[in-house]
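Quick note: numbers below take in every heavy atom, side chains included, and nothing from hydrogens, waters or symmetry partners. Computed from a predicted model, the values in this text were never measured in an experiment.
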Amino acid sequence: MSIALITLGGTIAMGGVDRSRPGVVTRLTGADLTAAVPGLDELGVPLEVRDVHAVPSANLTYRQLLDVVDDASRAVAGGATGVVVTQGTDTLEESAFLTDLVWPHAAPLVFTGAMRNPTLAGADGPANLLAAARVAAAPAARDLGVLVVVNDEVHAARWVRKTHSTSTATFASPNAGPIGQVIEGEVRVLTRPRRRDPLPPVDPDRLDATRVALYPVTLDDDGLLLTGVADTHHGLVVAGFGVGHVPSALAPVLGDLAGRMPVLLTSRSGAGSVLRQTYGAVGSETDLQRRGLLNGGLLDPYKARVLLRLLLAAGLEGAALVDALARFR
């Protein structure tokens, strides 16, 4: 029995200064990370370290993350109780959601990171890594899919978001709250959300070739920036106002696009759902649905883009695409 630790770089692994350029850049290995965590050797479960990618999380790709899923799957097949992945926090919410969509195992896959690098006072990486390892080893964390563990909180990948650029309490799940906590070293799961079946495997080459645009709607928006998007992309996620509204002048532009490719309507608000049938003005959620836009429900724009890209890469279209989206919104 063991815990696999897969390291992908990020703030948690930035341990020194390169004097040829400003800022922390020197990367710590997984062995360096584990050596800096008091109490990790008391878990009773050994960590098997796998240094995979030394990149900022802004540089991660879907293909690399699917490779992480394959590495983690091999670890589980080899007897690992769970898997911990360390990466930068900039894209952690998207990485966790992407892997959650395809993770097929009962064993927990736990993402964590840090907001303060190890050269700073109060660095949060060691505590987050210890908590993540405890969750990965906990029987209570099985069958919960992919989790994000930071600040002694356990979040489901489908709900978690980065909500602050610098705070160590940046990760939150606005629509649901954390599903558990780590208290005095004990993992307490407070609620168990229903787990959805994983999506079928996606051909990485097809995924690389599938492009989905994300368009945030703004005040007095005429949609000029959307010109030609249907010629370069296979799908579009719209981050609308509030419950799913856009300026009336933008509605026909989006309707035309929805006739050429899937257009998924989400909210830019950061929490809450797109509505279905409350407002009826031009540019409202009801009007946009009549024009062919798909309702994203509780999906935030970033997760919606991840999901739509995977579904399109799998070849889903028409009613099959609508049904698949409905499972996750």
Side-chain angles (χ1 to χ4, degrees), residues 6 8 52-53 57-73 83 85 87 90-105 108-111 144-148 155-162 175 193-216 229-230 232-239 257-258 260-267 274 293-329:
I6 298 175
L8 302 180
V52 179
H53 299 297
S57 65
N59 289 347
L60 287 171
T61 67
Y62 282 51
R63 182 185 285 262
Q64 287 174 329
L65 290 167
L66 292 179
D67 287 344
V68 167
V69 171
D70 290 341
D71 288 342
S73 293
V83 180
V85 178
Q87 73 156 76
D90 284 348
T91 62
L92 194 150
E93 63 190 270
E94 291 163 273
S95 297
F97 184 65
L98 169 59
T99 55
D100 188 50
L101 291 174
V102 298
W103 182 245
H105 306 287
L109 177 57
V110 183
F111 279 74
L144 290 175
V146 177
L147 304 169
V148 173
H155 295 268
R158 75 183 73 168
W159 302 123
V160 71
R161 297 194 67 179
K162 186 174 182 177
N175 285 317
R194 181 175 61 87
R195 189 176 178 190
R196 297 170 175 84
D197 292 334
L199 297 179
V202 178
D203 180 353
D205 290 331
R206 186 164 184 172
L207 183 59
D208 288 344
T210 302
R211 293 182 173 87
V212 174
L214 172 57
Y215 184 76
V229 69
T232 57
H233 290 73
H234 304 91
L236 172 67
V237 173
V238 175
L257 288 172
R260 303 175 64 188
M261 64 180 182
V263 179
L264 185 58
L265 179 64
T266 65
S267 172
V274 168
L293 275 71
L294 305 174
N295 190 300
L298 284 164
L299 282 168
D300 68 64
Y302 313 111
K303 292 186 176 68
R305 181 178 176 274
V306 170
L307 176 60
L308 183 58
R309 186 175 174 188
L310 280 182
L311 294 177
L312 292 177
L316 273 68
E317 57 185 17
L321 177 63
V322 173
D323 290 344
L325 287 169
R327 291 171 50 209
F328 293 94
R329 67 190 182 195

* List for me each residue that meets salt bridge (charged side-chain N to carboxylate O under 4.0 Å, His left out) alongside Asp300, sequence neighbours excluded, and say none if there are none. => Arg161, Lys303

* side-chain hydrogen bond (donor to acceptor under 3.5 Å, both in side chains) partners of Thr99, counting only residues at least two apart -> none

Quick one: closest heavy-atom pair of [X] and [Y], and the distance?
{"X": "Ala230", "Y": "Arg260", "answer": "CB-CZ, 3.6 Å"}
{"X": "Pro262", "Y": "Leu294", "answer": "CB-CD1, 4.4 Å"}
{"X": "Pro301", "Y": "Val237", "answer": "O-CG1, 3.8 Å"}
{"X": "Phe111", "Y": "Ser95", "answer": "CE2-CB, 3.9 Å"}
{"X": "Pro104", "Y": "Pro198", "answer": "CA-CG, 4.0 Å"}
{"X": "Ala156", "Y": "Leu147", "answer": "CA-CD2, 4.3 Å"}

Donor-acceptor contacts, no H, no angles, side chain residues 66-73, under 3.5 Å, sequence neighbours left out:
residue, atom, partner, partner atom, Å
Asp71, OD1, Arg74, NH2, 2.3
Ser73, OG, Val69, O, 2.9
Ser73, OG, His105, NE2, 2.9

* Are side-chain heavy atoms of Val148 and Glu93 found at a separation under 4.5 Å? -> no

* Decide yes or no for Val52 and Val85: does some side-chain heavy atom of the first lie under 4.5 Å from some side-chain heavy atom of the second? => no

If you round to the nearest 0.5 Å, how far is [atom2] of [Y] from [atom1] of [X]?
{"X": "Leu293", "Y": "Leu236", "atom1": "CG", "atom2": "CG", "answer": "8.0 Å"}
{"X": "Leu257", "Y": "His233", "atom1": "CG", "atom2": "NE2", "answer": "11.5 Å"}
{"X": "Arg196", "Y": "Asp100", "atom1": "CZ", "atom2": "CG", "answer": "9.0 Å"}
{"X": "Leu144", "Y": "Arg194", "atom1": "CG", "atom2": "CZ", "answer": "13.5 Å"}
{"X": "Leu65", "Y": "Thr91", "atom1": "CG", "atom2": "OG1", "answer": "7.0 Å"}

Indicate every side-chain donor-acceptor pair of residues 207-216 with a distance under 3.5 Å to a residue at least two apart or in another chain.
residue, atom, partner, partner atom, Å
Asp208, OD2, Arg63, NE, 2.8
Asp208, OD2, Arg63, NH2, 2.6
Thr210, OG1, Arg206, O, 2.7
Tyr215, OH, Asp221, OD1, 2.6
Tyr215, OH, Asp221, OD2, 2.8

* In chain order, what residues pass the side chain to side chain contact (heavy atoms under 4.5 Å, CB included) check against Gln64, with sequence neighbours excluded? -> His53, Leu60, Thr61

* Asked: With sequence neighbours excluded, what pairs up with Ser267 under the side chain to side chain contact (heavy atoms under 4.5 Å, CB included) test?
  -> Ser269, Val274

* Hey, is Lys162 close enough to Asp90 for a salt bridge, meaning N to O under 4.0 Å? -> yes

* Asked: Taking only residues two or more places apart in sequence or in another chain, which ones pass ring-ring contact (aromatic ring centres under 6.0 Å, His included) with His234?
  -> none

Let me have the donor-acceptor pairs involving side chains of residues 320-329, under 3.5 Å, with sequence neighbours excluded, atom names and distances please.
residue, atom, partner, partner atom, Å
Arg327, NH2, Asp197, O, 2.8
Arg329, NH1, Asn295, O, 3.1

* Can you list the steps and then say if Trp159 with Leu298 is a side chain to side chain contact (heavy atoms under 4.5 Å, CB included)? -> CA-CA 9 Å; Trp159 302 123; Leu298 284 164; 4.2 Å; yes

